[in-house]
Amino acid sequence: MARVRRLKFFLWALTGLAAAVGVFRFLFGLGAATNLSDAYPWGVWIGFDVMSGVALAAGGFIVTATVYIFKLERFHVIVRPAVLTAFLGYVAVAVGLLFDLGLPWNIWHMLIYWNPHSPLFEVGWCVMLYLTVLTLEFLPVPAEEISRLASVRRFLVKIRLPLVIAGIGLSTLHQSSLGSLFLIMPEYLHPLWYSPILPVLFLVSAIGLGLAMVIFESHTTAYFYYRKPETHLMASLAAAARWVLVVYLALRFADLAWRGQLHHLAGAGWQVWWFWFELAVMAFVPIAIFSLPQTRRNQTWQWAGALFGVAGVVLNRVNVGGLMHQGRGDRLYWPSWTEITISAGIVSAAVLAFLFFIEHFRVWQERPVDPEADPRKLPELSAVGATWLGVPVVANRTVYSLAFVGAAALGFALIHPQPASSRGIVPVPVHNARGADVLWIDGNLDGYGVAFPHADHEKREGGKKSCARCHHMNLPRDKASPCGVCHRDMYAPSDAFRHDWHAGPRGAALPCVKCHTPGRPRTKETAKTCDQCHKDLVAEGAVIKVKQYQAPSYTEAMHRLCVGCHVERAASRHKPDMPRCAWCHKERRRFVDAPDLDFRGLRAPGSEVVLPPLPESKSKR
Amino acid sequence: MHAAILTDTTKCIGCRECVIACKKENRLPPDLPRRWSRDDGLSARNWTSVVEGPGGAYVRKQCRHCLEPACVASCPVGALTKTDLGPVVYDARKCMGCRYCMMACPYGIPRYDWDQTVPYIRKCILCYETRLKKGRQPACTEACPTKATIFGDRDELIELAKARIREKPDLYVHRVWGEREVGGASVLYISDVDLKFLTYNRELPPEPMPQRTKLAMNAVPFTFAGVVAAMAGLNWIIDRRRKLQEHPEGDEAPQEGRSNG
């Protein structure tokens, strides 16, 4: 039974990948994990997971109706697989919805906050109730195996008929209400898809394609478990599905004709081609396959027809659910790989659950003989790493775990940790500067501004070509560089000189020309040196070079510790040089410039404080 | 009184004072990256914006506070409500994040906190909590230096709008946007250019959007009852037929016999 093993390996890997992405989605939010935006609030999780999932799970209510209401007993063998498919399908829908909701922990709010006018409210309630019904319908199957649940099982079998009828009613409601969701947005949905009878179209297509899903599921599992296919039974289902699809086609075209919208078919645009493509996949091809007797009774053809039907309904739901919406934005929505991975992972997990139920309970008449659980089989070397992994049952689980964990690791590796990246460059026309030559810039609105000579800057930087040096047009929403980007030395704190203390309103508030020569570029090089003002602090002839800046905290801390006392006690000790810089920086210069402190980044090489020797008498002390 | 806003685009100079006032009043943080927003300047962090219309006209964009809003009708948990005072307000505690309101709004107004792990719907609420309840006008209309966007009672503003159009018939397009489209709105516009671009170049129909789902939603209980009744009836008929087939002389006799015995 290598087929099942390969399938499970693949499914476990997909589930593992989705688990990693799922963690990412709940940690960083919807915007980071999806390509959804204000223009496209709904994406593939609604179109595929929810809307297609519900439609494909329609097989459950159709088959139960066939068997328990219409009493066509020969279909009894497919009731359990169909109910199980529906049950797991709805669980998958619920899980998919949890991923899609922005606040999934509030999903129960629909129970207490009611808005009966909303189609989504109706869908939510019906899905909840129908999931309960499906659970009760399927529970007798696992209950068979547990003797303690025998009385529960008997009770559930007794109330089966009301359950089936309730299930049919609920399915009718929410299958159609999924179509009603889009009645409120006629101005977005393309006229070839929008119709006042969308609820009816959704219901009819769900019936036809729920049947297709039953056929697809039956043949696929038959293939994987080397089972005798139920070709004869499926041929009857195919015949029924054909008529339902014919009715669907008739309804759709009659509706277009009735409302006078047929002229859109003659119009240009890829949407028209897409319309025909959708109908071909969803109706024309399946109808053709299910109509010809040769193909209808052939197993492979049945499977192909059902596959077309399933693909078609997904296509239709995705089209109505978002792809065929117009005017929502300039860009077309395309799902990100994370979205697709989550969807695939949910389906994989549902399939794995399906296989589990098939292997462990009597979903079919007979349980499949599973070599996975057969320890009598001869041990063999695993393909993975050619190592002995134990007896087959252990080996298989080891391989599945490896698939899951490996894929999850791959997922974590692939996820891009920059959720807020820009979508790209948006061209913006360039204007000339609108203000006068001199702009008044007061960014923090504290009343202390600075006159910015725009024309001078432009001239100095090299004319019109230099705009981009400050105005970064490639950065979205970037108006211009702040002054500090170029005039870094004005704001960067240094251990020796703080510009904002000197110039800022909270500091000395000196005018620029106090240090900079008027009319010349105001740079560090052209400014006065420290000793020209601070005659009392700096010894005569000292040269203080600060080539590189460093964090001020260390210097401040040391100075606060020492300088206070030095100033205070200079007079009383009769040592007038004590408060001066050179008093300490000469004597203990190894604390500042010693090479063994370089590694701490306190002072990078080449940025030394050079001090001339003080007069003999003072240095001796 | 029904709170409303009238925006006269001919008076707007595009200074964006309203945008700044809105951001300050509602304490909105810096804008979201562009990948999540449409190109109209609105986002979860910008509840109003000034967009450039045809011919360079400045048009202020914000929630229209429809009289019969599609967002209110679509919200499954009733997190959005139209208040008696006029604005459509949002209760974040009820919201479950389905984003159906964003899909339904014909003006494309509600926006989402895409960058948040716990996201909410965001849109203009006409300063309902901070100002309107206390009898003050919204921050945007208060801030407008040219009185291009003004606050008042809806009926009075419609009268005023029509008076302005009568006064300068050559200047204005003879139409008050928001008076009738999709059942009318609390935010009105008069303009010298066509404002179709605000609704993505579509003419909106006069009937309210929720009416389109009303028919389907009203049919829900009847459909359910009908389907259930039909299924129960079919079940009964088919059962009876089968019994008659099995006991062609009638199924009453054996039952009677059993009950007698």
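Just so it is clear, the structure is predicted and the values come from calculations on it, not from any experiment. These values consider heavy atoms only, across backbone and side chains, with no hydrogens, waters or symmetry-generated copies.
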Reported [atom1]-to-[atom2] distance for the pair [X] and [Y], which is rounded to 0.5 angstrom:
X	Y	atom1	atom2	answer
C75(B)	H117(A)	SG	NE2	12.5 Å
L103(A)	I121(B)	CG	CD1	9.0 Å
R202(B)	Q326(A)	CZ	CD	7.5 Å
L30(A)	Q116(B)	CG	CD	11.5 Å
R242(B)	E73(A)	CZ	CD	5.5 Å
L181(A)	Y100(B)	CG	OH	4.5 Å

Practice task
Would you mind checking which part of M217(B) comes under 4.5 Å of any heavy atom in chain A, side chain (CB onward), backbone (N, CA, C, O), both or neither?
Solution key: side chain

Problem - Which atoms of N218(B) approach chain A - backbone, side chain, both or neither, heavy atom under 4.5 Å - result: neither

Top of [options] for chain A proximity - count of heavy-atom pairs under 4.5 angstrom:
options	answer
D113(B), D115(B), V118(B)	V118(B)
A70(B), P106(B), A230(B)	P106(B)
R212(B), R111(B), M103(B), M102(B)	M103(B)
A73(B), A225(B), P208(B)	A73(B)
V72(B), L234(B), V220(B)	V220(B)

Please name the pair of heavy atoms, one in [X] and one in [Y], separated by the smallest distance, quoted to 0.1 Å.
X	Y	answer
M231(B)	I168(A)	SD-CD1, 3.8 Å
L183(A)	A216(B)	CD1-CB, 3.8 Å
P186(A)	M209(B)	CD-SD, 3.6 Å
S74(B)	I184(A)	CB-CD1, 4.4 Å
L36(A)	W36(B)	O-CD1, 3.5 Å
V228(B)	G169(A)	CG2-CA, 4.4 Å

Practice task
Report the C-alpha distance between S176(A) and T223(B) in whole Å, list the side-chain angles of each, state the deciding distance to 0.1 Å, and finish with yes or no for side-chain contact (heavy atoms from CB on, under 4.5 Å).
Solution key: CA-CA 10 Å; S176(A) 53; T223(B) 314; 5.8 Å; no

Practice task
Applying side-chain contact (heavy atoms from CB on, under 4.5 Å), run through N235(B) and L161(A) and close with a yes or a no.
Solution key: CA-CA 9 Å; N235(B) 182 53; L161(A) 192 65; 2.8 Å; yes

Partner residues of [X] under the salt bridge (Lys or Arg N to Asp or Glu O under 4.0 Å) criterion, sequence neighbours left out:
X	result
K61(B)	D40(B)
K196(B)	none
E142(B)	R131(B)

Quick one: of [options], who has the most non-hydrogen atom pairs under 4.5 Å with chain B?
options	result
P196(A), P199(A), P119(A)	P119(A)
F70(A), W114(A), F26(A)	F70(A)
S118(A), S180(A), C126(A)	S118(A)

Please check if atom [atom1] in [X] has more than 12 non-hydrogen atoms from other residues, nucleotides or ligands closer than 6.0 Å.
X	atom1	result
L215(B)	CG	no
W105(A)	CH2	yes
R180(B)	CZ	no

Exercise for the section: Could you tell me whether the side chain of R99(B) and the main chain of D38(A) form a donor-acceptor pair under 3.5 Å? Expected result: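 No.
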
Problem - Interface moiety of L97(A) toward chain B, non-hydrogen atoms closer than 4.5 Å - result: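 Neither the backbone nor the side chain of L97(A) comes within 4.5 Å of chain B.
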
Practice task
Counting only heavy atoms closer than 4.5 Å, note whether L173(A) contacts chain B via side chain, backbone, both or neither.
Solution key: side chain

Problem - No-hydrogen, no-angle side-chain donor-acceptor test under 3.5 Å, N106(A) and K94(B) - result: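 Note: N106(A) and K94(B) side chains miss the donor-acceptor criterion.
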
Practice task
Assign the ring pair Y200(B) / Y188(A) to parallel, tilted or perpendicular, where the plane angle (0 to 90°) is split at 30° and 60°.
Solution key: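 Rings of Y200(B) and Y188(A): tilted, 30 to 60°.
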
Handout entry: Residues from residues 77-92 of chain B approaching chain A under 4.5 Å (heavy atoms)
Key =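 Near chain A, by residue number: V77(B), G78(B).
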
Handout entry: Contact check, side chains of N115(A) and P76(B), non-hydrogen atoms, under 4.5 Å
Key =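 Result no, sub-4.5 Å side-chain heavy-atom pair not found.
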
